[in-house]
Amino acid sequence: MSLVIAGERSGVGKTTIAIAILAFLMRRRVKIQSFKVGPDYIDPMFHSLITGRPCRNLDPILTSETYVQQCFSRHTQDAEFALIEGVMGLFDGVPNRQEKEEIEVQIEAKNDVISIASTAHVARILNLPVLLVIDCSSLSGSVAAIAHGYRTFDPKLNFAGIILNRVGSDRHLELLKNAIAPLNLPILGVLRRQDSITIPDRHLGLVPTDELNNLNILLEKLADLAANCFDWEKLLPLLLAHKNCPGEGSEQLLYTHSLPKDNVTYSADFVNREKQNFSVRIAVARDRAFSFYYQDNLDLLEELGAELVFWSPLTDKQLPEHIQGFYFGGGFPEVFAEELSNNLPIRVAVKTAILAGMPTYSECGGLMYLCDSIIDFNSNYWPMTAILPTAAVMGKKLTLGYREALVLKESSLLSAGMKVYGHEFHRSHLTIESTAPIYQLQRYDRWGENWQMTEGWQVNQLHASYLHLHWGETRDIPARFLQKCGEKRVK
C-alpha cells in the first residue's frame, strides 16, 4: 500500500505538499521511501534530502510497466511508509501509441485512459489510491465539479480523497466544504495560502537543493504546516508501505509514530556505498553544475562492478586517481559557466583524457561542458573543454519531450541498430550539429507525424547527447560502457 499525490494540473502545489508530508514523517524517525512519476531530476532531490533515501523515478516510457512495478516493490521492502509524487495534472501524459480510430473506440466503449506515463497510468500500474490536490485560490462551488470530474473520468482509479490548497478565509473554506459534501469524498488536508513559504525556481524548474541556503528552515516550516493541516488519523494508514498489522488501526499508528519533535538533519549523501572489490573506477561529475542523475543508473553501475568516484569540475584542480571512465550527467552548467571556464586545469585534463580515448558518457548539461563554449542567457561567451567543435547557446525555446531513438553509430554505450527511449529537456541549442550523429530521433508523442532529426556526438570513446537515458530495463548499456572502461586506465 502507499499513496499517489496528484494534482489537477501543474502548479497546484503537489511538490510542496509531498515534501511537507515527508518532512513531517521524518520527525517520527521512520523509514520513508519516496518516488516521483516521470523523468524529473529536481523534485527527487528534495525527497532524498528529507528521507535520506534515494527517491526513485517511475516512468513506464523510459523503462516499462513491469520495471515500474518491480522498482516500487523492491524499494518499499524495508520501508515503513511510502509516497509517490505525481507529474503535472493527474491525466497529463503522452497519447497512447495506437491509431486514432482505435483510441476513439476505447474512449467510447471503456472510458479508458489514453495518456501513458501520466500519474493516473502509474497509479493504475501499481493499483494505488490517489490523493488529489486542488488549487482553490480562485474557486468556490466549482471545486465540486472539478473533484467529481477527476474522480469519475477513469473508473479504474481509486480515490483516497482530496487536499484543498491555497484556501483563503474561513468563509472560503466553508463554501468549499459545502460544495464537496454531496460527493462523499474525504478531505484529508486543508492548506491556507502561504505566501511566506516558497521554493525558488528558474528556467528548468525548481532550484536544486545544493544551491539553496537555509533549506532546513524551510523544511521545518513545512513540517510544522503539515502537522496542523492534514487529517493524520486518516492519512497515516494510507501511507503505510505495507498493510497494517492485525489490530493496528489509525489510533495505534498515531501513537506509535507520535514522538516529540526534535531536530532532524536532512542529508542526501546516499550514493557511493561500500561494496566488495571493484573492477572499474568511474569518475562521476557531481556538484552544483552537474546533478541530474537517476539513482537507478548509479546503482546499476555499482551492481555491475564499478566504483563511483564523485568529483567536481567546478572546484577540483585535478582528476581523481586511477579512473577508467567519465560520467557527466545533466544539470546547470550555463548557470556556473564562469566558474567552469575559470577552472582551466580541469578543462585541460578532461580534454586530454577524452582525446586519449577515455570512455565517456555525457548527456545534456554534460554535453554542453564538452563543447567549445557556452553562451549564456546574457550572451556572455565562456570557453569550455573544446572537445566538440560547436557552441551551446542558451535561448528562450524549450526543447521538451520523450524520444524514440534509433542508434545510427556505435558508441561506448550503444551498438548501431539499437532502439532506445529517452527524454529531452533543455533551453540550449548547438551552433553546429554533428556530421556523424549517434541518433535518429522520433517524437514519442506525435505518432504518424513525419518529424525526425539526428543528434549526438561520438569522438573516440566519447558518447555525448542531449538525450537523457534511464538504464533500468537495459542493463546491457551500462555493462557495455564498463567493458569499454575496463580497457582504459589513466593516472
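Keep in mind the model is a prediction, meaning the values are calculated, not measured.
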| Is Asn127 atom CG crowded by more than 12 heavy atoms from other residues, nucleotides or ligands, each under 6.0 Å away? | no
| For the ring pair (Phe, Tyr, Trp, His ring centres under 6.0 Å) test, which of Phe290, Phe425, Phe292, Tyr369 pairs with Phe332? | Phe292
| request: Look at the side chain of Arg9 and the backbone N and O of Asp92, then say whether any donor-acceptor pair between them is shorter than 3.5 Å. | output: no
| task | Look up atom SG in Cys364 and atom NE2 in His423, then write down how far apart they are to the nearest 0.5 Å. | result | 10.5 Å
| query | Is the closest basic N to carboxylate O distance between Glu65 and Arg124 below 4.0 Å? | reply | no
| task | For the pair Asp299 and Arg56, find out whether any cationic side-chain nitrogen is under 4.0 Å from an anionic carboxylate oxygen. | result | yes
| message | Just to verify, which of Tyr294, Tyr41, Tyr421, Tyr402 counts as forming a ring pair (Phe, Tyr, Trp, His ring centres under 6.0 Å) with His468? | response | Tyr41
| query | Could you state the interatomic distance from CG (Asp296) to CG (Leu301), rounded to the nearest 0.5 Å? | reply | 11.0 Å
| query | Just checking, any donor-acceptor pair under 3.5 angstrom between side chains of Glu85 and Thr15? | reply | yes
| Glu8 side chain to Asp135 main-chain N or O, any donor-acceptor pair under 3.5 Å? | yes
| message | Just verifying a value: how many Å separate Met418 CE and Arg480 CZ, rounded to the nearest 0.5 Å? | response | 8.0 Å
| Going by the angle between their ring planes, with limits at 30° and 60°, are Phe230 and Trp232 parallel, tilted or perpendicular? | perpendicular
| field | Aromatic ring proximity, centroids under 6.0 angstrom, Tyr327 and Tyr293 | value | yes
| request: May I ask you to decide if Ala82's main-chain N or O and Ser2's side chain share a donor-acceptor pair within less than 3.5 Å? | output: yes
| Name the one of Ile162, Leu90, Asn158, Thr119 that satisfies side-chain contact (heavy atoms from CB on, under 4.5 Å) with Val130? | Leu90
| said: As a test of understanding, state which of Leu83, Asp43, Ile42 forms a side-chain contact (heavy atoms from CB on, under 4.5 Å) with Lys36. | reply: Asp43
| field | side-chain contact (heavy atoms from CB on, under 4.5 Å) partner of Ile21, chosen from Ile5, Leu3, Leu222 | value | Ile5
| Basic-acidic side-chain contact under 4.0 Å: Lys31, Glu80 | no
| query | Are Trp471 and Tyr361 near enough that their ring centres are under 6.0 Å apart? | reply | yes
| request: Answer yes or no: is there an ion pair linking Glu334 with Arg427, defined by an N-O contact shorter than 4.0 Å? | output: no
| query | Do the two ring centres, one from Tyr67 and one from His470, sit under 6.0 Å apart? | reply | yes
